[in-house]
Amino acid sequence: MADLRSAFLNVYSQLKSELLQDPSFEFTDDSRQWVERMLDYNVPGGKLNRGLSVIDSYRLLKDGKELTQDEIFLTSALGWCIEWLQAYFLVLDDIMDSSHTRRGQPCWFRLPKVGMIAVNDGVILRNHITRILKNHFRGKPYYVDLLDLFNEVEFQTASGQMIDLITTLEGEKDLSKYSLQQHRRIVQYKTAYYSFYLPVACALVMCGENLDNHIDVKNILVDMGIYFQVQDDYLDCFGNPETIGKIGTDIEDFKCSWLVVKALEICNEEQKKVLYDNYGKPDPANVAKVKALYNELNLKGVFEDYESKSYERLVTSIEAHPSKPVQAVLKSFLGKIYKRQK
């Protein structure tokens with residue numbers, strides 16, 4: 001895996017140098033330095049799980065056969081397109097949320113001299129995806145399918161972000177808008193498509209598959225993405241900050257978290273009042289009251305029950321799939337996230 005990661009990072013360097021020499025734009029030294037710094041700051045700094053999953057999935061679809069150098073390069077390039085997409089979303093997301101840090105460093109727009117130029121940088125990141133696809137996939141029979149796939153998933157993710165933002169409008173803190181169905185919709189569109197479905201879809205397209213024949217795979221991966229986000233919501237409150245690398249703030253931020261939605265579903269009127277009075281307030285005393293209520297409602301136990309049932313349901317769906325290589329891909333994804341602590 002370490003070798004794969006270093007090979008993957010080498011492809012980033014190659015793609016970056018191509019983009020910095022793009023013949024469609026006459027770079028000056030200043031503009032080239034700006035774009036290079038912006039890319040290095042925003043694209044390769046995460047865990048790279050989405051990008052590496054493309055290579056992993058493609059190899060499993062090929063029955064675990066050794067990949068050629070060309071296959072490693074192309075699957076890596078598609079993996080980087082997903083990391084570029086993620087960077088584009090995050091740069092703009094941080095501005096919308098007025099966030100301060102991302103991946104342990106200040107958000108890009110918070111840096112001196114960057115500010116709102118970050119909006120345009122986000123647009124450039126998005127455009128780089130189509131440049132990479134054009135440079136390396138234009139001659140492939142599945143080129144149009146890749147363009148369609150990225151356009152589709154970008155639209156779904158932006159629409160998911162919109163429903164998230166309008167559900168938590170500033171100054172309109174209304175818990176009655178929150179429900180399990182609303183939580184599922186936000187997560188499905190905002191996270192599951194690009195984080196879970198897109199890497200596998202890229203690998204399937206590269207194998208010459210028609211995605212219309214794999215709706216069941218999409219549905220399983222979306223379910224997995226929802227399960228992943230529920231885990232995230234749980235860890236935000238109950239996880240160990242040392243392990244997850246951040247201190248959760250979903251309660252203070254009035255997030256449509258699975259925990260608050262579940263609490264609203266099972267609490268009595270008196271407990272509901274505690275939630276309405278304290279959720280979404282930054283004071284540690286308010287946060288403590290919400291956490292105490294979560295413990296009173298035994299949300300840890302409710303989550304553990306949800307986790308085991310989700311796992312069983314996902315395994316049953318995966319094992320019902322007729323293709324063993326596709327099963328291997330889906331099981332590999334599930335194995336990475338089941339009972340994770342961070």
Side-chain angles (χ1 to χ4, degrees), residues 8-52 54 76-137 146-147 149-162 164-166 170 189-191 193-195 198-199 202 245-246 253:
F8 189 58
L9 287 165
N10 287 341
V11 174
Y12 167 74
S13 303
Q14 185 180 334
L15 296 174
K16 180 179 77 170
S17 78
E18 289 169 4
L19 291 164
L20 295 174
Q21 307 295 330
D22 195 312
S24 295
F25 177 66
E26 227 172 278
F27 280 95
T28 59
D29 287 345
D30 282 352
S31 59
R32 188 175 281 115
Q33 278 164 14
W34 179 278
V35 174
E36 179 163 26
R37 177 176 170 232
M38 184 269 288
L39 290 177
D40 288 343
Y41 198 88
N42 293 297
V43 179
K47 296 191 280 287
L48 308 181
N49 290 342
R50 294 170 181 82
L52 290 165
V54 180
S76 297
L78 284 183
W80 279 114
C81 285
I82 302 177
E83 295 295 335
W84 246 270
L85 187 69
Q86 157 96 328
Y88 150 63
F89 290 141
L90 297 185
V91 164
L92 297 182
D93 198 42
D94 287 342
I95 298 171
M96 289 178 249
D97 290 347
S98 300
S99 298
H100 288 272
T101 56
R102 164 74 63 189
R103 296 169 174 166
Q105 56 183 11
C107 298
W108 175 243
F109 82 100
R110 295 272 177 199
L111 294 193
K113 299 187 184 162
V114 178
M116 286 304 116
I117 297 173
V119 176
N120 193 62
D121 290 332
V123 175
I124 288 175
L125 286 165
R126 171 61 186 100
N127 277 275
H128 279 171
I129 297 166
T130 42
R131 314 302 293 167
I132 294 169
L133 292 174
K134 182 180 171 188
N135 287 342
H136 296 285
F137 295 92
L146 284 176
L147 288 174
L149 175 63
F150 274 89
N151 286 338
E152 186 84 0
V153 169
E154 184 195 358
F155 169 68
Q156 289 168 319
T157 310
S159 302
Q161 170 73 341
M162 175 211 33
D164 192 17
L165 291 167
I166 63 176
E170 272 306 308
Y189 289 100
K190 186 181 171 179
T191 305
Y193 284 114
Y194 93 93
S195 300
L198 183 55
C202 284
K246 63 178 182 182
D253 297 343

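Everything numeric here is computed off the predicted structure, so don't read it as measured data.
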Taking all heavy atoms of [X] and all of [Y], pick out the closest pair and write down the distance.
X: I129; Y: F150; value: CG2-CD2, 4.0 Å
X: C81; Y: I132; value: SG-CG2, 3.7 Å
X: A87; Y: V43; value: CB-CG2, 4.0 Å
X: V11; Y: S76; value: CG2-CB, 3.7 Å
X: I95; Y: A118; value: CD1-CB, 3.8 Å
X: L20; Y: R32; value: O-NE, 2.8 Å

**Request:** Taking atom types as modelled, find out whether E154 and Y88 have a side-chain donor-acceptor pair closer than 3.5 angstrom.
**Result:**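 A pair is found: one side chain offers a donor N or O, the other an acceptor, under 3.5 Å apart.
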Side-chain donor/acceptor of [X] to backbone N/O of [Y], under 3.5 Å:
X: W80; Y: F8; value: yes
X: R102; Y: C107; value: no
X: S195; Y: T191; value: yes
X: N127; Y: V123; value: yes

**Message:** Is it the case that over 12 heavy atoms from other parts of the model lie below 6.0 angstrom from the OH atom of Y189?
**Reply:**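 Incorrect, the count does not exceed 12.
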Does [X] reach the side chain of [Y], with side-chain heavy atoms less than 4.5 Å apart?
X: S98; Y: R110; value: yes
X: K190; Y: F89; value: no
X: M38; Y: L125; value: yes
X: L78; Y: F137; value: yes
X: D97; Y: L165; value: yes
X: L90; Y: N42; value: no
X: L15; Y: N135; value: no
X: D94; Y: W108; value: no

**Worked check of side chain to side chain contact (heavy atoms under 4.5 Å, CB included) between I82 and V153** = CA-CA 10 Å; I82 302 177; V153 169; over 6 Å; no
**Message:** The test is side chain to side chain contact (heavy atoms under 4.5 Å, CB included); show your working for L19 and F25 and say whether it passes.
**Reply:** CA-CA 10 Å; L19 291 164; F25 177 66; over 6 Å; no
**Asked** In Å, rounded to the nearest 0.5 Å, how long is the span from NZ of K134 to CG of L147?
**Response**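 The distance works out to 11.0 Å.
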**Message:** Counting the benzene-type ring for Trp, do W34 and F27 have ring centres under 6.0 Å apart?
**Reply:**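 No.
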**Request:** Give the C-alpha distance, both sets of side-chain angles, the deciding distance and a yes or no for side chain to side chain contact (heavy atoms under 4.5 Å, CB included) between L85 and L198.
**Result:** CA-CA 11 Å; L85 187 69; L198 183 55; 3.8 Å; yes
**Asked** Is any side-chain N of the basic residue among D40 and K16 closer than 4.0 Å to the acidic one's carboxylate O?
**Response**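 Counted as a salt bridge, because a side-chain N and a carboxylate O are separated by less than 4.0 Å.
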**Prompt:** Stepwise, does the side chain to side chain contact (heavy atoms under 4.5 Å, CB included) test hold for D93 with Q161?
**Reply:** CA-CA 8 Å; D93 198 42; Q161 170 73 341; 2.5 Å; yes
